[in-house]
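Have a look at the structure below, then the notes.
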There are 2 protein chains.
Amino acid sequence: MVISNRLASIQPFYVMDILSRAKALERQGRDVIHLEIGEPDFPTPPLVAQYAADFARRGDIKYTPAAGLPDLRQAIAKYYRDRYGVQVESERIFITPGASGGFLLAMALVLNEGDKVLLEDPGYPCYSNFVRLFGGIPSLVPVDASTRFHFNPEILSAVWDRRTKGVVIASPSNPTGAVLRPDELRALVDDLERRSAFLISDEIYHGLEYDEPSSTALAFSDRVLVINSFSKYFGMTGWRVGWLVVPADCIDNAEKLAQNLFISAPTPSQYAALASFTEANLHGLELRRQVFQERRDFLCEQLQKIGFSIKTMPSGAFYVYADCSRFTSNSFDFALSLLEETGVAVTPGKDFGNNAPERYLRFSYAVTLDRLAAAVERIKFFSERGRHKRA
Amino acid sequence: MVISNRLASIQPFYVMDILSRAKALERQGRDVIHLEIGEPDFPTPPLVAQYAADFARRGDIKYTPAAGLPDLRQAIAKYYRDRYGVQVESERIFITPGASGGFLLAMALVLNEGDKVLLEDPGYPCYSNFVRLFGGIPSLVPVDASTRFHFNPEILSAVWDRRTKGVVIASPSNPTGAVLRPDELRALVDDLERRSAFLISDEIYHGLEYDEPSSTALAFSDRVLVINSFSKYFGMTGWRVGWLVVPADCIDNAEKLAQNLFISAPTPSQYAALASFTEANLHGLELRRQVFQERRDFLCEQLQKIGFSIKTMPSGAFYVYADCSRFTSNSFDFALSLLEETGVAVTPGKDFGNNAPERYLRFSYAVTLDRLAAAVERIKFFSERGRHKRA
């Protein structure tokens, strides 16, 4: 039995090295502050947990239709109307096992062997691997602070060739937290429509915005593929339930794929998600958003004081992508030493691409303000000592 | 935006036509007996549902490690020891979103573009599509009653060529319910090992056996890929939790894939599955197995009396694959008429491949004995009238 060639092209996540060292330190009794985390620190919202528990106890938990519970698809359609003022027919909304399932479905739907897909670098590392899984060729295109780490039509034009079939964008972005303005998003949507290319808009961090709310790509076209999830804003990571919106003429094909890939998303999770849209729960989520905002303000200010450079202020998600080149020429080594000496775990830039990753660290603020303050003290101590050592 | 070529090669499930017509009839007030169903009629076992509810209410529901909850992986390893007397290191066990997730992981792990994979025909229709998704070429190989609808080394030899990379087998089989004997399974495992080919053994219906218990392919080699799930025997379809066992030297690669494909299987479902292995629950599952056995005995006897031919008696799963050629030369039309005239829904042979599918129907016995008896009456009436009409 011989392993597939594709495995060689899938990078492990470097943060796993950080994480396994962090766990070893914790076993030795060291206190580790986890700023490498990609999930909110809040538990499942209590109203959602209670509703899910009541559902689970009844025990009648069968497969749902492949596209998901009709009630949940309608609730999401209503959410698009209420939050964004956008009409999306519920038939276009496919419930998936997390956003990961949405990416599987979307990539399987559009990719042929050899198709090139443009990805923002820095960006979420799994995009490349989803593209490769289905025979496509990921093309990492550097983006920087001059465009707030996002694509625009000029960048696409400069790298577009005849093999390019589409683009993935993410706003708010992981790792930068940068949010596309509505006019910027519209320009991208229009450009890709003009090219008859696909646009996959990853909107998984929608709702976690601290300056202006995000627009959805669905506001500008009904030909885009939009991925979202209950994991981040809705605080339901472990439940693994997300969704994919497809153009109307892709519904039958998406259904065939969903039947084969998933049978259906987990039923208890779909029912739990149904409880997300009550007014009381949405109010709770707004309070959580405000907590994240406070942490962002604090962390950005403190990191800059220490000497990290934040070239694009994060307006969403729960990450700060900070330039640490004042302290090191190798952010991965810096992250390892920071952990070793102070017990603060962060994610090295090289998990997000090839665009000067050695200059960057991603700091997550999915910990309490107290812990964030403690982390800042340790980082400050470490950075100053490091500067001293080099002097 | 242009759809992938792969969609053209993915057949819809013909049973969906039956199902949508069945729903239309039900909306008209007609009583439909569902013998087309692929999931047990029992609810989630009460002990499992209660445990899951208690867990959900606590609300601390984060991602698990990509390979799954360590406790659940160990519980499954213990299950292999207790049930089969086989040692499987828990590190080789990957928890997946249903068996579907296991197939995604397994196929992504072994397939390169153009690799040929041999599949039993008749067989579960999704196998072909999983192979195609990852660039492989499914090759449907006819099997019949002479080998109880299973592969053996002679059949493999006759069709093997240099592009063939591996084989999928399923015992108990869907749709035939046929179970491989230990010596037959060992012969297949040995043959494929000798060829350095991969063997994916789909053991999702394990535990639902009515004559002899199944052997696992893991008893004969630690180089096979084994897929199982909590859906069928454990009665937890809607929870979407299954597992894949990989060879020890594939653990790191399987982990990379799982991180990218799933992040992790649904956490509440993994905790629910943990409660499956208590003695009280396993006792409840044994009682359910006995109920299935009683239904199998009844349905097989009755179908034969009516004039259906069952060439291989089903020893597992909850299906009877019956030859209806005495009544029709087109089992799909027969299924549609049977539904229309009597309200009994069954699955046409052509959902399971190209091997004389027009002669076969799959009858599921995931309904109560009362309903099964009512279905038999209706089928008898319909078949006799049909014979009369043709005369």
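Only this structure's heavy atoms are used, side chains among them; waters, hydrogens and symmetry mates stay out. Not measured: the values here are computed from a predicted model. Protein chains get the first letters and strands the later ones, always in sequence-line order, with residue 1 at the start of each.
Contacts between B:A265 and chain A at a heavy-atom distance below 4.5 Å involve the backbone alone (N, CA, C, O). Contacts of A:P46 with chain B are absent, with no heavy-atom separation under 4.5 Å from either backbone or side chain. For a residue to count as touching a neighbouring chain, one of its non-hydrogen atoms must lie under 4.5 Å from one of that chain's; by this rule B:Y63 touches chain A with backbone and side chain alike. Only the side chain of A:L225 comes within contact range of chain B, judged by heavy atoms closer than 4.5 Å. Residue A:Q270 does not touch chain B at all, counting heavy-atom pairs closer than 4.5 Å. Proximity to chain A (any heavy atom under 4.5 Å) is restricted, for B:F42, to the backbone atoms N, CA, C and O.
Among A:F262, A:F198, A:W239, the residue with the largest count of heavy-atom pairs under 4.5 Å with chain B is A:W239. In terms of heavy-atom pairs under 4.5 angstrom with chain A, the leader among B:G59, B:P43, B:G235, B:G98 is B:G59. Taking A:L104, A:L133, A:D60 one by one and counting their heavy-atom pairs under 4.5 Å with chain B, the maximum is reached by A:L133. The most heavy-atom pairs under 4.5 Å with chain A, out of B:S196, B:P97, B:A108, come from B:A108. With respect to chain A, the highest number of heavy-atom pairs below 4.5 Å among B:P268, B:P45, B:A197 belongs to B:P268. Of the listed residues (A:I10, A:L199, A:T267, A:T237), the one with the most heavy-atom contacts under 4.5 Å to chain B is A:T237. With chain A as partner, the option from B:E39, B:K256, B:R58, B:Q50 having the largest number of non-hydrogen pairs under 4.5 angstrom is B:E39. Interface check for chain A: of the options B:R57, B:K62, B:K165, B:M236, the most heavy-atom pairs under 4.5 Å are formed by B:K62. Annotation: maximal heavy-atom pairing with chain A below 4.5 Å, among B:D249, B:V241, B:N129, B:N5, occurs at B:N5. Between chain B and the options A:A272, A:C250, A:S264, the largest number of non-hydrogen pairs under 4.5 Å is found for A:S264. With chain B as partner, the option from A:S100, A:G166, A:G101 having the largest number of non-hydrogen pairs under 4.5 angstrom is A:S100. Ranked by heavy-atom pairs under 4.5 Å with chain B, the first of A:D252, A:L257, A:T64 is A:L257.
A:Q259 and B:F13 get closest at one heavy-atom pair: OE1-CD1, 3.3 Å. Between B:A49 and A:A56 the shortest heavy-atom distance is CB-O, 3.3 Å. The minimum heavy-atom distance linking B:Y124 with A:I263 is given by the pair OH-CD1, 4.0 Å.
You'll find the side chain of B:C126 reaches within 4.5 Å of the side chain of A:N260, heavy atoms only. The shortest distance between side-chain heavy atoms of B:S4 and A:L111 does not fall below 4.5 Å. You'll find the side chain of A:R240 stays beyond 4.5 Å of the side chain of B:R240, heavy atoms only.
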Show the numbers, then the answer: is there a side chain to side chain contact (heavy atoms under 4.5 Å, CB included) between A:E255 and B:M16? CA-CA 11 Å; A:E255 171 120 19; B:M16 292 297 164; 5.7 Å; no

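Atom OH of A:Y271 sits in a sparse spot, with 12 or fewer heavy atoms from other residues, nucleotides or ligands closer than 6.0 Å.
From A:L7, atom CG reaches atom CG of B:N253 across 3.5 Å, with rounding to the nearest 0.5 Å.
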